[in-house]
Participant: 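Before I ask anything, here is the structure I am working with.
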Amino acid sequence: MEFKQEQKKDRKTLLWVALAVLAALNLIQLYFVLQEKKESDTKDTIIATKTEEVLAARMKLDSISTQLDLKIAEIQHLGGRVDSLIVIKTQLENDKKALQKTNSVAINDFRTKVKSYESVLNQKDTEIQRLREELGMVTAQKEELAGQVSDLASEKTALSDSVLVVKQKAIELEGKVNIASALRAEQISVNAITNKGKEQDGGKYRARKVDKLKVSFKIQENNVAENGAKQVYLRILDPDGAVLSDMATGSGSFLNNGREMIYSSKETIQFDNSNQLVDIVYGRGGIPLKKGTYSIELYGEGYKMGAAEFSVK
């Protein structure tokens, strides 16, 4: 009996011991679970904090990148150099790519880089302000120069107008001098010469008795005209207005004020301002003359010297 009671007592003891061990194991397991949860929560907090820091750094780098683009464009517009900014922009883009690899990136390093980039932006703000001031000065100088150029252009225009007026007056004066110096024929007469050499006057001739025509005239005195050799051209126009000409007997063409004209005969004279008498003979070359009124025209040095008429019956 006592032995059985002893066994029961031992079994109870073992049972309590087992329960105690189990309870201890449960407590140990609960401790580790709690500890693991705590570590997990800590890790999550760290990851969340790191993620926020990465996002903040990324947003900051994006903002700096945009500002860099704006400053590069403005400095280029102002005429400054942007080589160093382009290098910085390239490095910044590389940093943005590296920032995505959060497992291998130290956020503190990026904070340092961000401060460095911000410092560059501040420096460029100062440079941009300087360039703006320089551009303003250049613009003011350009405006001043433009005003001076405009004034000079006005003066040049006024001077050109004055020169043009002077030239015009000189041309007019030269024209007046040329007109004044033009030779004038007076006392023009036309005589007929027969084939026997007999000369007839009066201005009316029979066609069969005219072998040659002699035009005589005096040159008016002209103190403006220069002395020397002068070419005088004779034009004889028939009743139909055609010029009598025979190249074989000395006819040809000459320019009068840019217009080509046929002449019947010509004579070179030595003008000496003495009211000299000049004779010009035209041989008709055996061609019979038409009946009617003929016109005589004399030209010299681009001007018409005089005119006359005679008739053939």
Participant: How close do Ala229 and Thr268 get, counting heavy atoms only, and between which atoms?
Facilitator: CB-CG2, 4.4 Å
Participant: Determine whether Met305 and Leu234 fall in the same hydrophobic cluster, where Ile, Leu, Val, Met, Phe, Trp and Tyr are linked whenever their side-chain heavy atoms lie under 4.5 Å apart.
Facilitator: yes
Participant: Ile72, Leu70: one ILVMFWY side-chain cluster at the under-4.5 Å cut-off?
Facilitator: no
Participant: Is Ser265 reaching over with its side chain to a backbone N or O of Val281, donor-acceptor style, under 3.5 angstrom?
Facilitator: yes
Participant: Can a side-chain donor-acceptor contact be found between Glu309 and Thr293 if the only test is distance below 3.5 angstrom?
Facilitator: no
Participant: So, Asp211 and Lys196, do they make that salt bridge, N to O below 4.0 Å?
Facilitator: no
Participant: Side chains of Asn273 and Asn222: do they bring a donor and an acceptor to under 3.5 Å?
Facilitator: no
Participant: CG of Leu237 to CG of Leu244: how many Å apart, nearest 0.5 Å?
Facilitator: 7.5 Å
Participant: Could you state the interatomic distance from CD1 (Ile219) to CG (Asp272), rounded to the nearest 0.5 Å?
Facilitator: 8.5 Å
Participant: Please report the shortest heavy-atom distance between Gly80 and Leu131, naming the atom on each side.
Facilitator: CA-CD1, 4.1 Å
Participant: Side chains of Glu74 and Leu78: closer than 4.5 Å at any heavy-atom pair?
Facilitator: yes
Participant: Is it the case that one hydrophobic cluster holds both Tyr282 and Ile193, taking links as side-chain heavy atoms less than 4.5 Å apart, direct or via other members?
Facilitator: no
Participant: Work out which heavy atom in Thr194 is nearest to a heavy atom in Gln200; give both atom names and the distance.
Facilitator: CG2-NE2, 4.1 Å
Participant: Identify the two heavy atoms, one from Glu93 and one from Ser65, that lie closest to each other, and give their separation to 0.1 Å.
Facilitator: OE2-OG, 3.1 Å
Participant: Measure the spacing between NZ of Lys71 and CD of Gln123 and express it to the nearest 0.5 Å.
Facilitator: 12.0 Å
Participant: Got a sec, which residues hit side chain to side chain donor-acceptor pair (under 3.5 Å) with Glu221, two or more places apart in sequence or on another chain?
Facilitator: none
Participant: Do Ile75 and Leu68 sit in the same hydrophobic cluster, where Ile, Leu, Val, Met, Phe, Trp and Tyr count as joined when their side-chain heavy atoms come under 4.5 Å apart?
Facilitator: yes
Participant: Atom CG in Asp246, atom OG in Ser251: separation rounded to 0.5 Å?
Facilitator: 6.0 Å
Participant: We want to know whether Ser216 and Asp279 form a side-chain donor-acceptor pair, criterion being a heavy-atom distance below 3.5 angstrom.
Facilitator: yes
Participant: Can you tell me if Asn227 and Gln270 form a side-chain donor-acceptor pair at under 3.5 Å?
Facilitator: no
Participant: What's the spacing between Tyr263 OH and Ile280 CD1 if we round to 0.5 Å?
Facilitator: 11.0 Å
Participant: When the side chains of residues 294-301 are checked against the rest of the protein, which donor-acceptor pairs come out under 3.5 Å, sequence neighbours left out?
Facilitator:
from: Tyr294; atom 1: OH; to: Lys290; atom 2: N; distance (Å): 2.7
from: Tyr294; atom 1: OH; to: Lys290; atom 2: O; distance (Å): 2.7
from: Glu297; atom 1: OE1; to: Arg235; atom 2: NE; distance (Å): 3.1
from: Glu297; atom 1: OE1; to: Tyr299; atom 2: OH; distance (Å): 3.2
from: Glu301; atom 1: OE2; to: Lys230; atom 2: NZ; distance (Å): 3.0

Participant: Could you measure the distance from the CG atom of Asn191 to the CD atom of Glu199? Nearest 0.5 Å is fine.
Facilitator: 4.5 Å
Participant: Hydrophobic clustering (ILVMFWY, side-chain heavy atoms < 4.5 Å, transitive) - are Phe254 and Phe271 grouped together?
Facilitator: no
Participant: Can you establish whether the number of heavy atoms outside Gln148 located under 6.0 Å from its atom CD is more than 12?
Facilitator: yes
Participant: Give the minimum heavy-atom separation between Ala192 and Val210, together with the two atoms involved.
Facilitator: CB-CG2, 3.8 Å
Participant: Answer yes or no: are there more than 12 heavy-atom neighbours, outside Arg130 itself, under 6.0 Å from its atom CZ?
Facilitator: yes
Participant: Where do Lys266 and Gln231 come nearest, in terms of heavy atoms and distance?
Facilitator: CD-OE1, 4.0 Å
